[in-house]
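So the structure is just underneath, and the comments pick up after that.
Reckoned from all heavy atoms, side chains included, excluding hydrogens, waters and symmetry mates. Treat the numbers as computed from the prediction; the structure is a model and nothing was measured.
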Amino acid sequence: MAVARLAAISLDSDDTVRLGRFYRDLLDLAVVHESEELVVLRADGVMITVERVENHQPPDWPADSIPKQLHLDLFVDDLDEAEAAALDLGARKPETQPRPDKWRVLLDPAGHPFCVTLPPTGR
């Protein structure tokens with residue numbers, strides 16, 4: 001039984017609007033929200049979000065001295081249950097939790113961050 005549902009693929013950027021509009025036009029997506037801090041695009045069954053990161057350094061692929069940057073947002077029905085299940089599967093929970101009432105930041109076994117999050121109301 002699945003612990004979560006894939007909700008969003010989140011990209012880091014220092015210019016959320018520019019990158020959001022790029023993916024909007026490239027993939028013909030609907031804009032759900034657009035601000036300097038966050039752009040949310042709706043795709044078929046999943047969202048793409050662009051999140052502002054101060055002093056963002058773009059990846060230098062293929063050199064990889066600055067690695068690729070994205071994380072998954074996973075919809076869950078219950079944050080506490082999903083967090084516990086993910087931890088049982090090998091995730092780790094960092095100390096910093098910006099909005100633990102809305103989402104929990106966890107780290108996969110390789111250290112990549114992902115979020116278990118409550119779906120927006122009215123989904």
Side-chain angles (χ1 to χ4, degrees):
M1 182 169 161
V3 173
R5 299 175 304 284
L6 179 61
I9 298 168
S10 302
L11 306 168
D12 293 345
S13 178
D14 58 359
D15 189 342
T16 59
V17 172
R18 180 172 167 238
L19 189 59
R21 289 178 180 172
F22 168 80
Y23 280 105
R24 176 200 66 194
D25 295 343
L26 181 71
L27 301 171
D28 193 26
L29 301 177
V31 176
V32 175
H33 174 82
E34 181 178 87
S35 74
E36 295 296 321
E37 296 302 314
L38 175 69
V39 173
V40 179
L41 304 169
R42 184 172 306 279
D44 189 24
V46 68
M47 289 187 261
I48 294 176
T49 66
V50 182
E51 300 179 9
R52 183 171 180 72
V53 172
E54 291 294 326
N55 303 313
H56 175 263
Q57 299 295 313
D60 65 344
W61 187 91
D64 215 23
S65 63
I66 301 174
K68 296 182 272 312
Q69 303 147 16
L70 67 97
H71 73 267
L72 299 177
D73 287 335
L74 307 175
F75 282 164
V76 299
D77 295 321
D78 183 288
L79 287 173
D80 294 329
E81 287 179 14
E83 177 184 313
L87 293 172
D88 284 346
L89 292 170
R92 293 174 289 133
K93 183 177 179 181
E95 189 173 314
T96 301
Q97 295 292 321
R99 296 284 310 270
D101 59 320
K102 301 286 184 190
W103 68 81
R104 309 280 168 80
V105 179
L106 300 171
L107 304 174
D108 71 17
H112 304 114
F114 67 96
C115 295
V116 292
T117 184
L118 297 172
T121 56
R123 69 174 171 147

Would you call [X] and [Y] a side-chain contact if the rule is heavy atoms closer than 4.5 Å?
{"X": "L38", "Y": "H33", "answer": "yes"}
{"X": "V105", "Y": "P94", "answer": "yes"}
{"X": "E36", "Y": "V17", "answer": "yes"}
{"X": "L74", "Y": "L6", "answer": "yes"}

With side chain to side chain donor-acceptor pair (under 3.5 Å) as the test, would you mind laying out the steps for D73 and T117 before giving the verdict?
-> CA-CA 7 Å; D73 287 335; T117 184; over 6 Å; no
For the side chain of D60 and the backbone of I66, is there at least one donor-acceptor N/O pair under 3.5 Å apart?
->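 Present.
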Okay, side chain of R42, backbone of M47: is any donor-acceptor separation there less than 3.5 Å?
-> no
Nearest 0.5 angstrom please: [X] [atom1] to [Y] [atom2], how far?
{"X": "S13", "Y": "Q69", "atom1": "OG", "atom2": "CD", "answer": "9.5 Å"}
{"X": "E83", "Y": "Q97", "atom1": "CD", "atom2": "CD", "answer": "7.0 Å"}
{"X": "I9", "Y": "L41", "atom1": "CD1", "atom2": "CG", "answer": "11.5 Å"}
{"X": "L19", "Y": "T49", "atom1": "CG", "atom2": "OG1", "answer": "10.0 Å"}
{"X": "R92", "Y": "L107", "atom1": "CZ", "atom2": "CG", "answer": "5.0 Å"}
{"X": "C115", "Y": "L106", "atom1": "SG", "atom2": "CG", "answer": "7.5 Å"}

I need the minimum non-hydrogen distance between [X] and [Y], along with the two atoms involved.
{"X": "A91", "Y": "L87", "result": "O-CD2, 3.3 Å"}
{"X": "P59", "Y": "P67", "result": "CB-O, 3.6 Å"}
{"X": "E34", "Y": "V31", "result": "CB-CG1, 4.0 Å"}
{"X": "G90", "Y": "P109", "result": "O-CG, 3.7 Å"}

R104 with D80: basic N within carboxylate O range, under 4.0 Å =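 Looking at D80 together with R104, the answer is yes, because their closest N to O distance falls below 4.0 Å.
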Is the NZ atom of K93 crowded by more than 12 outside heavy atoms at less than 6.0 Å?
-> yes
Within 6.0 Å of CZ in R24, more than 12 heavy atoms from elsewhere =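 Counting other residues, nucleotides and ligands, CZ of R24 exceeds 12 neighbours.
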Cluster check [X], [Y]: I/L/V/M/F/W/Y, side chain < 4.5 angstrom:
{"X": "L72", "Y": "L89", "value": "no"}
{"X": "V46", "Y": "L29", "value": "yes"}
{"X": "W103", "Y": "F75", "value": "no"}

Go through the steps to decide whether L26 and R21 satisfy the test side-chain contact (heavy atoms from CB on, under 4.5 Å), and finish with yes or no.
-> CA-CA 8 Å; L26 181 71; R21 289 178 180 172; over 6 Å; no
Take L79 and L118 through the test side-chain contact (heavy atoms from CB on, under 4.5 Å) and record every step on the way to the result.
-> CA-CA 7 Å; L79 287 173; L118 297 172; 3.9 Å; yes
Take I48 and V39 through the side-chain contact (heavy atoms from CB on, under 4.5 Å) test and state the conclusion after the steps.
-> CA-CA 8 Å; I48 294 176; V39 173; over 6 Å; no
